[in-house]
J.: 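Have a look at this one.
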Amino acid sequence: MSETLFTGISQLVSPAAGVRRGPAMGALTQIDDAALLVRGGLVAWAGPRTEAPEAAQTHDLGGVAVVPGLVDPHTHAVWAGDRLADFEARISGVPYEEILARGGGIRRTMRATASADVDTLVALARPRLAALRASGATTAEVKSGYGLDFDAEVRMLRAIQQLRAEFLLVPTLLIHVPPQDGRAAYVRAVCQELIPQVAREGLATAVDVFCEKEAFSVGETRQIFAAAQAHGLSVKLHADQFHAIGGTELACEIGALSVDHLEASGSAQIQALAISGTVATILPGVTLHLGLPAAPGRALIDAGAAVAVGTDLNPGSSPVFSTQLALALAVRLCGLTPAEALSAATVNAAHALGLSDCGALVPGQRADFLALHSADWRDLAYTLGASPVREVWQAGALAR
């Protein structure tokens with residue numbers, strides 16, 4: 001079994017293992033002049049360098065800060081085509097409804113994605129995932145959702161499965177938007193055909209639904225969630241991006257892993273999340289790119305909720321290819337402190353994906369960690385426009 005003692009760590013900073021809620025999100029352990037023992041890909045010991053046990057080999061990191069690898073709990077990294085014309089139209093003042101009427105928006109991406117084969121989707125997604133990893137994401141969730149027809153959805157999930165040979169990915173089946181006609185029949189088919197196939201073939205670990213006025217209703221979402229849970233899949237939810245219509249409350253009621261977006265959440269939704277086990281995942285890249293109000297990260301933490309942060313990497317509303325940038329934006333736009341943002345992007349993001357083996361540098365956790373350029377870990381939340389991450393280590397091995 002391989003064993004390496006990492007030294008030359010100016011600061012080793014980590015939250016405790018497990019989900020962190022409310023004020024606990026700001027409580028980090030910081031060890032100065034630290035060492036980290038990795039054995040068999042797991043953290044075996046962490047503490048002051050002067051107390052470090054002997055190891056088969058040592059590796060000097062050169063006097064930099066070390067933090068846990070980031071977990072990106074919300075991405076749409078598999079897509080084809082682009083939305084550049086939509087972007088230009090939107091910043092020129094064309095309403096989104098008009099962009100849709102012209103054949104643009106999300107349906108433009110769906111047409112391009114539906115026409116791409118698995119190999120093409122893999123080739124397109126690979127550099128996006130490499131960028132996320134280089135930014136510090138040692139684990140990332142990837143959703144389907146741009147297929148609409150079931151064959152295209154399955155192709156997206158198969159592309160994600162292929163990419164898992166190169167990246168640590170968590171695949172999610174996203175039921176994104178209803179067809180323009182026959183939505184009741186579509187929901188029935190999702191429940192009776194698509195979800196059973198995905199579960200049978202092991203193509204996803206969770207089902208996500210976009211619950212919005214422009215997408216699926218609370219009643220339709222409840223039907224889809226029931227089918228997912230009946231087939232042993234976890235559930236997640238896009239909700240409160242534009243309107244609070246009851247999706248957050250439903251997710252908390254049935255024990256969803258997370259509710260993501262929350263830009264339109266009010267006091268009722270904040271309170272529901274605060275008293276539930278469901279993680280509130282905020283996506284500040286959407287606020288930056290679309291100019292929407294920011295999700296109430298500060299209010300959620302103050303109420304006692306568990307908050308996670310993700311990129312929402314996608315071609316339309318959040319072309320953010322850096323998980324570190326999402327963390328930094330959560331501080332600036334959503335009111336998190338750097339310590340809270342680190343917890344949000346590590347242990348809480350892992351919990352939002354149903355993971356318990358990553359996100360903290362404590363014994364028994366997978367040895368996923370970042371060596372920064374700086375001796376001060378706070379550069380992770382401070383730096384914009386350049387990466388503060390010098391090296392990404394996964395299970396104790398340098399990621400290439």
Side-chain angles (χ1 to χ4, degrees), residues 13-29 67-75 137 139-141 170 172 205-206 208 225 234-241 244 247-284 294-312 323 326-327 329-331 333-362 365 381:
V13 178
S14 176
V19 66
R20 313 299 287 166
R21 309 184 65 86
M25 286 183 61
L28 303 178
T29 297
V67 298
L70 307 183
V71 177
D72 197 328
H74 187 126
T75 86
T139 301
E141 185 245 28
V170 178
T172 296
T205 61
D208 192 348
F225 277 177
S234 300
V235 295
K236 300 165 63 69
L237 191 66
H238 283 57
D240 299 1
Q241 182 174 3
T248 292
E249 292 87 338
L250 170 65
C252 294
E253 172 196 332
I254 68 170
L257 288 174
S258 70
V259 179
D260 304 22
H261 275 292
L262 305 172
E263 292 90 350
S265 294
S267 58
Q269 292 75 40
I270 291 169
Q271 184 59 27
L273 286 160
I275 62 175
S276 77
T278 297
V279 175
T281 299
I282 59 176
L283 307 166
R298 178 78 268 141
L300 284 160
I301 293 173
D302 290 345
V307 174
V309 61
T311 59
D312 193 17
T323 308
L327 182 158
L329 291 176
V331 173
L333 300 178
C334 303
L336 277 63
T337 67
E340 291 166 344
L342 184 62
S343 294
T346 54
V347 288
N348 282 7
H351 193 72
L353 297 178
L355 304 176
S356 60
D357 63 345
C358 61
L361 294 176
V362 299
Q365 291 270 293

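This is a predicted model, so every value here is computed, not measured. Sequential numbering from 1 along the given sequence is applied to the chain's residues.
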J.: Using side-chain heavy atoms (C-beta onward) and a distance below 4.5 Å, is Val347 in contact with Val19?
T.: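 No. Closest side-chain heavy atoms not under 4.5 Å.
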
J.: Side-chain contact, heavy-atom cut-off 4.5 Å: Leu273 with Val259?
T.: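 Side chain of Leu273 against side chain of Val259, heavy atoms only: contact under 4.5 Å found.
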
J.: State, to 0.1 Å, how close Pro284 and Leu333 come at their nearest heavy-atom pair, and which atoms those are.
T.: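 Heavy atoms of Pro284 and Leu333 come nearest at O-CD1, 3.7 Å.
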
J.: Roughly how far, to the nearest 0.5 Å, is the CG atom of Leu237 from the NE2 atom of His261?
T.: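 Reported value, rounded in 0.5 Å steps: 10.0 Å.
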
J.: Which residue pairs pass the side-chain hydrogen bond (donor to acceptor under 3.5 Å, both in side chains) test with at least one member in residues 16-26, sequence neighbours excluded?
T.: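 Applying side-chain hydrogen bond (donor to acceptor under 3.5 Å, both in side chains) to every pair that reaches into residues 16-26, excluding sequence neighbours, yields nothing.
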
J.: Report the distance from atom CG of Leu70 to atom CG of Leu342, rounding to the nearest 0.5 Å.
T.: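 Here the interatomic distance stands at 7.0 Å.
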
J.: Do Glu141 and Thr172 get their side chains close enough for a donor-acceptor pair, meaning under 3.5 Å?
T.: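 A pair is found: one side chain offers a donor N or O, the other an acceptor, under 3.5 Å apart.
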
J.: Under the 3.5 angstrom rule, does the side chain of Thr281 hit a backbone N or O of Asp260 as a donor-acceptor pair?
T.: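 Pair absent, no side-chain N/O of Thr281 close to backbone of Asp260.
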
J.: Are side-chain heavy atoms of Thr248 and Leu250 found at a separation under 4.5 Å?
T.: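 Not in contact.
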
J.: Which atom pair, heavy atoms only, marks the closest approach of Val309 to Ala341?
T.: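 Scanning both residues completely, I find the closest heavy atoms to be CG1-O, 4.3 Å.
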
J.: Does any non-hydrogen side-chain atom of Val67 lie less than 4.5 Å from one of Ser14?
T.: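 No - every pair of side-chain heavy atoms lies 4.5 Å or more apart.
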
J.: Taking the side chain as every heavy atom from C-beta outward, state whether Pro15 and Pro68 have any pair of such atoms under 4.5 Å apart.
T.: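 Yes, their side chains come closer than 4.5 Å.
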
J.: Rounded at 0.5 Å granularity, tell me how far OG1 in Thr75 sits from CG in Asp312.
T.: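 It is 8.5 Å, given to the nearest 0.5 Å.
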
J.: Got a second to check how far Leu262's CG is from Ile282's CD1, nearest 0.5 Å?
T.: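 If I round to the nearest 0.5 Å, the distance is 8.5 Å.
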
J.: Is there a side chain to side chain contact (heavy atoms under 4.5 Å, CB included) between Thr278 and Leu257? Walk through the geometry before answering.
T.: CA-CA 5 Å; Thr278 297; Leu257 288 174; over 6 Å; no

J.: Taking the side chain as everything from C-beta on, heavy atoms only, tell me whether Val235 gets closer than 4.5 Å to Ile254.
T.: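 Val235 vs Ile254: side chains touch.
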
J.: As an exercise, state the distance from CD of Glu263 to CG of Asp240, rounded to the nearest 0.5 Å.
T.: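 Nearest 0.5 Å value for the CD-CG distance: 8.5 Å.
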
J.: Could you walk me through whether Asp72 and Thr323 pass the side chain to side chain donor-acceptor pair (under 3.5 Å) check?
T.: CA-CA 6 Å; Asp72 197 328; Thr323 308; 3.0 Å; yes

J.: I'd like to check Thr337 versus Val331 (side-chain heavy atoms, cut-off strictly below 4.5 Å). Are they in contact?
T.: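 No, every pair of side-chain atoms sits at 4.5 Å or beyond.
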
J.: Can you check side chain to side chain contact (heavy atoms under 4.5 Å, CB included) on Val279 and Val307, steps first, answer last?
T.: CA-CA 6 Å; Val279 175; Val307 174; over 6 Å; no

J.: Counting C-beta onward and ignoring hydrogens, is there a side-chain heavy-atom pair between Glu340 and Ile301 closer than 4.5 Å?
T.: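 Touching, per the 4.5 Å side-chain cut-off.
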
J.: Apply side-chain hydrogen bond (donor to acceptor under 3.5 Å, both in side chains) to Glu249 and list each qualifying residue two or more places apart in sequence or on a separate chain.
T.: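 Glu249: side-chain hydrogen bond (donor to acceptor under 3.5 Å, both in side chains) contacts with Gln269.
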
J.: Checking side chain to side chain donor-acceptor pair (under 3.5 Å) against Ser258, which of His74, His351, Lys236, His238 comes through?
T.: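 Single pass found, and it is Lys236.
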
J.: What is the distance from atom CG of Leu353 to atom OG of Ser234, rounded to the nearest 0.5 Å?
T.: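 Spacing of CG (Leu353) from OG (Ser234) equals 10.0 Å.
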
J.: Write down the atom of Cys252, the atom of Ser276, and the distance for their closest heavy-atom approach.
T.: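 Result for this residue pair: SG-OG, 3.5 Å.
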
J.: Identify, with sequence neighbours excluded, every residue that meets salt bridge (charged side-chain N to carboxylate O under 4.0 Å, His left out) alongside Asp208.
T.: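 Lys143.
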
